[in-house]
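Data block below; observations after.
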Amino acid sequence: MKQFTSVADVADIKQLVDAALALKNNPYADQQLGKNKTLGLIFLNPSLRTRLSTQKAAINLGMSVIVMNMDKEGWALETQDGIVMNGTTVEHIREAAAVMGQYCDILGLRSFPKLINREEDYNEDFFNKFIAYCGVPVVSLESATRHPLQSLADLVTIKETWKGAAKPKVVLTWAPHVKALPQAVPNSFSEWMCKAQQEGMVDFTIAHPAGFELMEDFTPGATITHNLEEALNGADYVYVKNWSSYEEYGKVLPFPEGWMLTNDHLKNTNNAKVMHCLPVRRNLELSAEVLDGPHSLVIHEAGNRLWAAQAVLKDLLQDLT
Ligand code: SN0
């Protein structure tokens with residue numbers, strides 16, 4: 001693999017999932033692979049799981065890690081070309097990314113959408129410029145439209161825990177929130193599940209209230225419904241996440257009642273496991289009774305972030321020229 005920014009960068013998702021599960025059984029076998037290699041993790045937004053799991057994954061592979069909170073500790077970056085930089089931006093991404101590439105063999109980047117201009121966010125303007133100028137392989141630590149390390153860990157978690165004979169029914173459900181959150185996590189989860197569905201690994205359904213449709217490019221082959229009860233019927237995995245409207249971009253819309261998952265919602269499921277990428281706002285997005293009860297997989301899922309990150313870094317290290 002030359003970069004990891006979406007499911008499209010992965011030649012074989014089954015193989016990558018199996019590689020992650022193999023690393024879980026044998027975490028320290030590749031310590032020579034990362035010797036004298038440096039991973040730079042560049043954050044423009046907060047992080048807990050992504051930062052710690054990716055750092056730990058790199059350590060397991062024998063790498064050194066540099067972390068920079070660019071938003072707080074770096075110069076204000078300019079991304080536009082051809083302008084006179086006489087305002088608040090201090091350094092152009094052309095120089096900043098290129099310099100980071102001088103010190104690091106692989107770079108990870110987190111850059112959330114601004115949720116103001118949909119075209120700008122969905123063009124991945126900042127992310128693509130960073131990739132173009134840094135000159136080394138880039139791992140997405142969540143971009144404006146995707147969070148592939150999360151989605152890989154999610155697929156790993158489903159593969160690892162599913163003991164049934166038939167394919168599991170996986171349901172992505174929209175949840176309430178008080179802020180406008182990115183579509184990155186559900187976009188990415190959906191594109192990975194759609195790919196997994198194509199490969200016969202899962203059956204995939206998305207449930208959300210009217211007005212919260214995801215961009216169609218991310219949902220090929222998914223069953224999409226506004227009826228939560230119908231979607232949950234017979235579900236094996238329920239993946240809970242809030243996202244803001246793609247249509248009414250950046251707005252906080254009033255939300256309908258009944259979308260916060262409770263134990264009652266799980267009655268007609270197949271004793272479903274409940275997943276969430278975290279951070280989760282208790283009793284707003286997801287009820288405490290579900291989070292603290294036997295259905296919840298959220299901590300196990302977060303634990304698997306490590307093996308997902310390690311499988312990706314291992315693959316990138318093997319392909320370094
Ligand atoms: C981010 C998101 O993309 O939804 C990161 C998820 C991994 N989540 C948030 O920004 C939550 C913010 C909040 O106030 O709850």
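Note that the coordinates shown come from a computational prediction; the quantities given were computed from them, not determined experimentally. Each ligand, and each atom within it, is numbered from 1 in the order the structure gives.
In terms of protein heavy-atom proximity, atom 1 (C) of ligand 1 is nearest to Phe112 CZ, 4.1 Å. Of the protein's non-hydrogen atoms, Leu181 CD2, 3.9 Å is the one closest to atom 11 (C) of ligand 1.
Between Leu115 and Ala180 the shortest heavy-atom distance is CD1-O, 3.3 Å.
Distance alone, capped at 3.5 Å, is enough to place a donor-acceptor pair between the Tyr237 side chain and the Trp162 backbone.
The closest approach between a heavy atom of Lys241 and any atom of ligand 1 is below 4.0 Å. The closest approach between any non-hydrogen atom of Pro182 and ligand 1 is below 4.0 Å. For the pair Val280 and ligand 1, no heavy-atom separation below 4.0 Å is found.
Of the N and O atoms on the side chains of His276 and Glu301, not one donor lies less than 3.5 Å from an acceptor on the other residue. There is no side-chain donor-acceptor pair under 3.5 Å between His295 and Glu289. No side-chain donor from either of Asn283 and Ser287 sits under 3.5 Å from a side-chain acceptor of the other.
Between Tyr122 and Tyr249, the ring planes lie perpendicular to each other; the angle is over 60°, past the 30° to 60° tilted range.
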Stepwise side chain to side chain donor-acceptor pair (under 3.5 Å) test for Glu160 and His300: CA-CA 10 Å; Glu160 183 190 23; His300 187 114; 2.7 Å; yes
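Contacts between Leu278 and ligand 1 below 4.0 angstrom, taking non-hydrogen atoms only, involve the backbone exclusively.
The ligand atoms of ligand 1 that sit less than 4.0 angstrom from a heavy atom of His177 are 13 (C), 14 (O), 15 (O).
Inclusion of Arg281 in the set of residues having an N or O under 3.5 Å from an N or O of ligand 1 is warranted.
Of the candidates Gln150, Glu285, Glu142, Lys179, Lys179 brings a heavy atom nearest to atom 12 (C) of ligand 1.
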